[in-house]
Amino acid sequence: MPRINVGSWADTCVEWLRHHLTWLFDFVSHVLTDMYNGIEAVLTAPHPLLLMGIFAVLAWWLRGLPAAVLTFAGFALIDSIQQWEATMQSLALVLVACIITVVVAVPLGIWAARNRAVGGALRPVLDLMQTMPAMVYLIPGILFFGIGVMPGMVATIIFSMPPAVRMTELGIRQVDGELVEAAEAFGTHPRRTLFRVQLPLALPTIMAGVNQVIMLALSMVVIAGMVGAEGLGSSVYNAVSSVNVALGFEAGLAVVILAMYLDRMTGALNERVSPLGRRALAKAQAALGGLKFLYWKPATSVAMAGVVVLALVAGGLNVFGKDGAKTDGGGRPITLGYVNWDEGKATTYLWKEILEQRGFKPKAQALEAGALFTGQARGDVDVQTNAWLPTTHAEYYKKYKDKLEDLGAWYDKTSLEIAVPSYMKDIKTLDDLKGKAGEFGGKITGIEPGAGEMKILKGKVLGDYGLDGEYKVAESSTASMLTELDRAYAAKKPIAVTLWSPHWAYDKYDLTKLEDPKGSFGSGDSLHLLGRKGFAKDEPQVAKWMKNFHLDEKQLTSLENAVKSAGEGHEQDGVRTWLKKNPGLVDTFAPSANVSYAKGKDAGAAPNIGYPAWDEGIATTYLWKNVLEKRGYKPTIRNLDVGPMWTGLSSGQIDVEFDGWLPVAQKQYWDQYKDDLVDVGAWYDKTSLEIAVPSYVKGVKTLDDLREHRDEFKGKIIGIEPGTGEMKRLKSTVAPAYGLEDFQVTEAGTSSMLAELDRAYAKKEPIAVVLWSPHWAYSKYDLTKLADPQHTWGDNNQIKTLGHKSFPEKFPEFNGWLKNWKMTPDELGSLEKDIQDAGKGHENDGVEKWIADHPGIVDKMAPVK
């Protein structure tokens, strides 16, 4: 028989509809989305206990006291297993789908009952709608409406409509023909006959159809979780894809409770609204005898009053909102999609947490790879974090790249492979698999069928190594593959699985990555962040954050482990645990001008900080002043000469200073006052003291050379403050050792020395200045540090934090921060430069700029829990 291309005809039809009826699909999507959002907002806004009360009152009104008690208990159980929000989302989806279905299906059923030609034409259409595998509806749903709630809702409406049409038609046809004839004989209009005779008598059958609509809709809602529909479907899909028994059972239990409630309530509603139902209910209650009180039902007015009161309480609790703090996101939504792979899930929930902290309202959706790329190309998903390029996801990227934006690679370099347990000693390469299918049961255990690795394996790797007819690739999911690996590994059985690097499985199991000498898997991928087209324009700040985002292997694997340890449904808790162990990373990944800083436990304390007018002293003092203020402290800073500062420090008038050059430069002060001081710790290592000259002065490399070129420098060395240790050491030790006593050492200040250096450098004049390292002058000018072959400057110094002996007790939190504080030469140099650029009197502005350029530095310097 020749092949009939029914599938390609269907594909052509779908493409035609997409191109010519986009306006209709957009309208339907807009209407249904607004309906869903409205109902979902009503169901999720009140406290669960209040909504449980409303559900219980409705159950009491419809079925009696036992039903009310069981209703409250059932929904309380849903809340206790943390499935409340998902259940309300599913209920909202079911309600919208059922409203639309009933509105369309009941008129169709009436039309079919009154016109046999219409009934005959509808029957095969209904057969197709009811017997087509439910998941097939999701494919055109994605193409027409994207991913998320809409395709699930439309598929639900189509799948659940046939019973309502059939039962409505059946109910009307079953009405006694003599009753209809009698009505007609009395001259009743056909419309009045329908509404006064046929529909009331057919109502029990129609309500049975509505009941079936609800049950089918609920079952389809769960399937719709595969394409990103919210609610219990998402929970079930995550549980299946990760083989999570606990989450699967909890989500399934919530589905059962919701289904039982809807089933019992719609059945009881039939008894309330149908004349025949009310008659049957009265007879049943009369037969109860002494138990009648259990099934007493409040009047409709009483029940409605109870519902209204509870609803008003629920609404009142949410009337008075708080104005939020200024945030980057302003509450704007961002949709994050991911394939349920460990690194994808981990980084998606990491960015979800980051964006929430920055004031956005992100939503994470687990999707198959095909649905994810399709949805992103349509604009339904803003960002995905786990695109493996250029190899694994090459097919999808090639197809949709014009509708995507590459935000850059955050991890490099990955690899795809087949792995076997290392106890299989003779399997080292893909060539070694040939002829050994019997050992592996003729099977390679794979992952999701839409994954790029699976397509490469089946389309290229098996063919290149002659494994096509010998091995079958078992398509499942990542979680199922890992479960199979764990089971086989425990039993020491042969197994070959599709894996990739990095992956935590290589830490847990002793595995062999099979070598790929032909390079069939490609040269390895980078992990990319992809945005929908226009995302960077719509959210430039987020796009900038993501372009600068990077994780190393240690960070990634520890993040994956934290998320995995937290368990399914608690991924964000795992991310938060990981961030607590890595303080400052949120500010590093997403630097913000609107960060609110946590207060320290000693907030309100007022330390007195002293500093000399040296660049590193000024820089670090203003830095700590800024950091302490962010932590709620009230520091006071005082600029002093070196001698008075040490005196004030020893007397307790100064609590702490950050510029103690020890053990050499300020040794004399330390020896004099050390009994009253405490060495908090060194934050910079190692410094040096020196005389420096411009590099354009040729032939002067050492202190000996300086003596020989005395006249060139007019017998003068430009010094700094006279009380500094460096100046004293220059006069007492360095100058005599090199015969420089006849040099005049000017005593002014650091700023005067730098002004002289700048003036001479601009004119290319010789000049010798007293300097030290680190100092920003070495970045601004090309200078030569004069060598000290006799080591007269002494050993190198550390820059230390020194406090009065009472400091650790008075400021324990601050003292703890300072003990762990370190700065690198680059950090100190850039801080000094920013303060110099800000200018005198604007030191705080320079520090603020430096903090903004070093996100996370406040949490690093002064961590609080």
Inset, instruction - Might you work through the side-chain contact (heavy atoms from CB on, under 4.5 Å) test for Val381 and Leu336, ending with a clear yes or no? - result: CA-CA 6 Å; Val381 173; Leu336 305 168; over 6 Å; no
Inset, instruction - May I ask you to say whether Asp382 pairs ionically with Lys363, meaning some side-chain N is under 4.0 Å from a carboxylate O? - result: no
Legend entry - Backbone N/O of Lys554 and side chain of Thr557: donor-acceptor pair under 3.5 Å: yes
Legend entry - Neighbour count >12 (heavy atoms, 6.0 Å) for atom NZ, Lys728: yes
Legend entry - Test item: Arg729 side-chain N/O and Trp793 main-chain N/O as donor-acceptor pair under 3.5 Å: yes
Legend entry - Side-chain donor or acceptor of Glu832 paired with backbone N/O of Glu616 under 3.5 Å: yes
Legend entry - Trp351/Met546 under side-chain contact (heavy atoms from CB on, under 4.5 Å): CA gap, chis, key distance, verdict: CA-CA 9 Å; Trp351 273 105; Met546 290 182 169; 3.9 Å; yes
Inset, instruction - Mark yes when over 12 heavy atoms from residues, nucleotides or ligands other than Lys599 sit less than 6.0 Å from its NZ; otherwise mark no. - result: yes
Legend entry - Heavy atoms of other groups near Arg576 CZ, more than 12 under 6.0 Å: yes
Legend entry - Proximity of Trp821 and Trp624 rings by center, below 6.0 Å: yes
Inset, instruction - Would you please indicate yes or no on a ring centroid separation below 6.0 angstrom for Phe814 and Phe807? - result: yes
Inset, instruction - Could you walk me through whether Leu585 and Trp578 pass the side-chain contact (heavy atoms from CB on, under 4.5 Å) test, one step at a time? - result: CA-CA 10 Å; Leu585 279 185; Trp578 183 77; 3.4 Å; yes
Inset, instruction - Check for a donor-acceptor pair, side chain of Gln653 on one end and backbone N or O of Gly648 on the other, with a separation under 3.5 Å. - result: no
Inset, instruction - Check the pair Lys686, Asn797 against side chain to side chain donor-acceptor pair (under 3.5 Å), reporting the backbone distance first and the verdict last. - result: CA-CA 6 Å; Lys686 291 270 190 179; Asn797 289 280; over 6 Å; no
Inset, instruction - Give me the one residue out of Lys580, Lys630, Arg631 that meets salt bridge (charged side-chain N to carboxylate O under 4.0 Å, His left out) with Asp859. - result: Arg631
Legend entry - ring-ring contact (aromatic ring centres under 6.0 Å, His included) contacts touching residues 825-845 (sequence neighbours left out): none
Legend entry - Side-chain donor or acceptor of Asp602 paired with backbone N/O of Glu813 under 3.5 Å: yes
Inset, instruction - Please lay out, stage by stage, how Gln572 and Glu353 fare under the test side chain to side chain donor-acceptor pair (under 3.5 Å). - result: CA-CA 7 Å; Gln572 213 158 338; Glu353 175 66 18; 2.9 Å; yes
Inset, instruction - Please lay out, stage by stage, how Trp772 and Thr687 fare under the test side chain to side chain donor-acceptor pair (under 3.5 Å). - result: CA-CA 7 Å; Trp772 56 93; Thr687 69; over 6 Å; no
Inset, instruction - Could you tell me whether a side-chain N or O of Asn796 sits under 3.5 Å from a main-chain N or O of Ser688, the two making a donor and an acceptor? - result: no
Inset, instruction - Give, for atom OG1 of Thr620 and atom CG of Leu828, the distance between the pair rounded to the nearest 0.5 Å. - result: 7.5 Å
Legend entry - Lys/Arg N to Asp/Glu carboxylate O, Glu629 vs Lys625, below 4.0 Å: yes
Legend entry - Between CG on residue Asp412 and CG on residue Leu527, distance to nearest 0.5 Å: 8.5 Å
Inset, instruction - Just jot down the ring-ring contact (aromatic ring centres under 6.0 Å, His included) partners of Tyr669, sequence neighbours excluded, or say none. - result: Trp646
Inset, instruction - Mark yes when over 12 heavy atoms from residues, nucleotides or ligands other than Lys860 sit less than 6.0 Å from its NZ; otherwise mark no. - result: no
Inset, instruction - Check the pair Thr385, Phe549 against side-chain contact (heavy atoms from CB on, under 4.5 Å), reporting the backbone distance first and the verdict last. - result: CA-CA 10 Å; Thr385 66; Phe549 172 63; over 6 Å; no
Legend entry - NE2 on His854 to CG on Asp834, rounded to 0.5 Å: 8.0 Å
Legend entry - Distance-minimising heavy-atom pair for Asn386 and Glu343: ND2-OE2, 2.9 Å
Legend entry - Gln798 side-chain N/O to Trp661 backbone N/O, donor-acceptor pair under 3.5 Å: no
Legend entry - Sidechain N-carboxylate O distance under 4.0 Å for Glu539, Arg332: yes
Inset, instruction - Can you establish whether the number of heavy atoms outside Gln836 located under 6.0 Å from its atom CD is more than 12? - result: yes
Legend entry - Check: Trp817 ring centroid to Tyr633 ring centroid under 6.0 Å: yes
Legend entry - Side chain His775, main chain Ala777, donor-acceptor under 3.5 Å: yes
Legend entry - N/O donor-acceptor pair under 3.5 Å between Gln365 side chain and Tyr338 backbone: no
Legend entry - From Met823 atom CE to Ile857 atom CD1, the distance as rounded to the nearest 0.5 Å: 6.5 Å
Legend entry - Asn548 side chain to Lys544 backbone, donor-acceptor under 3.5 Å: yes
Legend entry - Salt-bridge contact Lys849-Asp845 (side-chain N to carboxylate O under 4.0 Å): no
Legend entry - Partner residues of Met645 under the side chain to side chain contact (heavy atoms under 4.5 Å, CB included) criterion, sequence neighbours left out: Pro612, Leu640, Glu657
Inset, instruction - Would you check if there is a donor-acceptor pair between the side chains of Gln668 and Gln672 at a distance under 3.5 Å? - result: no
